[in-house]
Protein chains: 2
Amino acid sequence: MIELTQSLAMQSAPLEPSDGVGIAQQLCQTLEDDIVTGKLPPGQRLEEPLLAKRFGVSRTPVREALQLLTASELAEKIPNKGVYVSLATPERLTAMFESMAELEGMCGRLAAKRMTSGERHNLDKLHHELAETVRLGDSDGYETLNRAFHNTLYRGTHNDVLVDVTLSVRRRVAPFRRVQFTSMSRLASSHAEHQGIVDAILRGDVSVAEQLLYDHIMAVHDISQDYLISLREASPANDMPAFK
Amino acid sequence: MIELTQSLAMQSAPLEPSDGVGIAQQLCQTLEDDIVTGKLPPGQRLEEPLLAKRFGVSRTPVREALQLLTASELAEKIPNKGVYVSLATPERLTAMFESMAELEGMCGRLAAKRMTSGERHNLDKLHHELAETVRLGDSDGYETLNRAFHNTLYRGTHNDVLVDVTLSVRRRVAPFRRVQFTSMSRLASSHAEHQGIVDAILRGDVSVAEQLLYDHIMAVHDISQDYLISLREASPANDMPAFK
DNA sequence: TATGAAGATGATGTATACACGATAATTTCC
DNA sequence: GGAAATTATCGTGTATACATCATCTTCATA
């Protein structure tokens, strides 16, 4: 628990406001990364004064960043009691992954119908680049390219709202999707699943694309569920205050 | 344009902070209502000092409320240039309704599979209550019950995340869904569509429930699209500043 | 007269200060 | 000695003040 407190209290880079965007967005991005990578574990309290001191800014942009996190459901705000990193129960995890699987399937179905030949070619190219990272065992590279692969699928729907919705859910599950890439065998099987997906999309097979993408996400769910349960057995009770 | 400015500048109820929740949430709710009802038209600028004066509060909770609106995509924030009520092009409208239709269909499919007998009974009861409002021509009552009807469907999925996502998209399309209820004939046909949906759900017919719900939403899309186009013909150019 | 630059005006972005509420520690009473 | 109440401390909620940026006006110049 000590290093966690340090990660909150320790001073970070000055975070100049002269950057392209505002301070709050940078803060939000940083906190989001820390949540996804596990530096800020679920249930962790996010105190404004501490964060303000850590980043060398006032509470105002910190509040804004915390509100952004809350809006994307990565954190929960309890009135007069502070903001906490969202806590995942096995039920919530299942709900998140099922939603993600449904959305991915939906995107795949629409993408198989609507993608231009250029977009289909791009998807195929990404798929081949992913093969390289699998061969090298480069899990970081795989994660990056994998994100691009799925993004391409989403955008293939040619529906900006659907892209937004899907991305918002993906951000929510990101902290739990990530664990899969630590396993090399999962890297390979993930890529194998992609193969069928790409084939289905390239030939415009909407129902197969939908089904395979659903299964693709649900496979990750099973892994994450196991991981979460093993975590909760290790540290039994997480004491996040309930609402009122 | 004069009455619009007034609706922003005119002082409103004092908005005491002693209420159940914070000031920002109340502000957000009020502004959301004003957007949905059309008092604040798309493209309208939302200036913090004006709103602060109108509600008799400082800029801080106003900023928070505007950020909440921005998070739900009802408004757009342009750095250093202010917050504006989201502007809908026909393309965005179609994207929103298609997403909504897909999500409703998905919810209907899962609800048809998972609803308890009690939940199915509730849905049927709401359907019969809706019949009453149609008979009376009570469009306000219909709108309220209709919301409850669809909410029951969403919750029937037993997936909180999916409920959240669906509700968030519904809030986004709300300003454009609303116009349908001004037409009496639409009230009747909407209710007629519900009949088939309820039947499919009660007998657990997943694919028919999904398809009928998709069509049900897309019917509203057609109406809204016509309405939007007629609007844009009336007032040609809406001058919302572009990003940079 | 048209055009462009400089100043004025006002809004947004950020920082600081105060008020309220919650939690925790200490004291007091049983 | 233990439990309940009171006070102390700290964080959140709100208000206000200052800095920065955008826009509009105005005046000078071509």
Side-chain angles (χ1 to χ4, degrees), chain A residues 5 8-9 11-31 43-71 75-85 239-244, chain B residues 5 8-9 11-31 43-71 75-85 239-244:
Chain A
T5 310
L8 269 180
Q11 189 144 303
S12 301
L15 264 197
E16 299 168 11
S18 60
D19 289 22
V21 294
I23 296 178
Q25 285 75 23
Q26 300 177 56
L27 280 174
C28 180
Q29 185 63 50
T30 303
L31 292 173
Q44 172 73 44
R45 182 172 184 180
L46 301 174
E47 296 178 57
E48 294 170 7
L50 271 177
L51 293 170
K53 188 152 265 183
R54 172 182 170 191
F55 292 103
V57 297
S58 78
R59 276 180 52 208
T60 307
V62 171
R63 281 181 66 81
E64 193 172 332
L66 291 180
Q67 203 184 341
L68 288 172
L69 280 181
T70 305
E76 291 182 29
K77 175 176 181 173
I78 304 176
N80 291 322
K81 296 194 86 179
V83 176
Y84 299 79
V85 177
D239 47 1
M240 185 165 136
F243 289 81
K244 299 254 168 189
Chain B
T5 310
L8 270 179
Q11 190 143 306
S12 302
L15 262 197
E16 299 168 12
S18 59
D19 289 23
V21 296
I23 296 179
Q25 285 74 22
Q26 301 177 54
L27 280 174
C28 180
Q29 185 62 52
T30 302
L31 291 173
Q44 171 74 43
R45 181 173 185 180
L46 301 173
E47 296 178 57
E48 295 170 8
L50 271 177
L51 293 170
K53 187 153 268 185
R54 172 182 168 190
F55 293 103
V57 296
S58 80
R59 275 182 53 211
T60 308
V62 171
R63 280 181 66 81
E64 194 172 331
L66 291 180
Q67 203 184 341
L68 287 172
L69 280 181
T70 305
E76 290 181 30
K77 176 177 180 172
I78 304 175
N80 293 322
K81 295 193 85 179
V83 176
Y84 299 80
V85 177
D239 46 2
M240 187 165 133
F243 288 81
K244 301 248 167 191

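Residues A:Asn80 and A:Pro61 both approach DNA chain C. Their nearest nucleotides, taken by heavy-atom distance, put A:Pro61 toward the 5′ side. Between B:Glu48 and B:Thr60, it is B:Glu48 whose nearest contact on DNA chain C lies nearer the 5' terminus.
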*asked:* Using side-chain contact (heavy atoms from CB on, under 4.5 Å), reason through B:Leu68 and A:Gln67 one step at a time and then give a plain yes or no.
replied: CA-CA 8 Å; B:Leu68 287 172; A:Gln67 203 184 341; 3.2 Å; yes

_Audit row: B:Val57, B:Leu27, side-chain contact (heavy atoms from CB on, under 4.5 Å) steps and yes/no_ = CA-CA 10 Å; B:Val57 296; B:Leu27 280 174; 4.3 Å; yes

*Stepwise side-chain contact (heavy atoms from CB on, under 4.5 Å) check, A:Glu64 with B:Glu64*: CA-CA 8 Å; A:Glu64 193 172 332; B:Glu64 194 172 331; over 6 Å; no

*Could you walk me through whether A:Leu51 and A:Leu66 pass the side-chain contact (heavy atoms from CB on, under 4.5 Å) check?*
CA-CA 10 Å; A:Leu51 293 170; A:Leu66 291 180; 4.1 Å; yes

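Put simply, CD on A:Gln25 is 13 Å from C1' on C:dT12, counting in whole angstrom units. Between the CZ atom of A:Arg45 and the P atom of D:dC10 there is a distance of 13 Å, given to the nearest Å. Whole-Å rounding puts the A:Gln67 CD to C:dG13 P distance at 13 Å. Counting to the nearest Å, the P atom of C:dA11 and the CG atom of B:Leu50 are 7 Å from each other. Distance B:Leu27 CG to D:dA15 P: 10 Å, rounded to the nearest Å. One interatomic measurement links the two molecules: CD1 of A:Ile23 to P of D:dT20, which rounds to 12 Å at whole-angstrom precision. Taking atom CG on A:Leu66 and atom P on D:dG13, their separation rounds to 10 Å, with Å as the unit. Atom C1' of nucleotide C:dT12 and atom CD of B:Glu64 are separated by 17 Å, given to the nearest angstrom.
Side-chain N/O atoms of A:Arg63 include one lying less than 4.0 angstrom from OP1 or OP2 on D:dG13. Proximity of A:Lys77 to the phosphate of D:dG13: a side-chain N or O atom is located under 4.0 Å from OP1 or OP2. Distances shorter than 4.0 Å separate some side-chain N or O of A:Lys81 from OP1 or OP2 on C:dT23.
The base of D:dG11 is not paired with the side chain of A:Arg59 by any donor and acceptor separated by under 3.5 Å.
For the atom pair CZ (B:Arg63) and OG1 (B:Thr70), the distance works out to 10.0 Å, reported to the nearest 0.5 Å.
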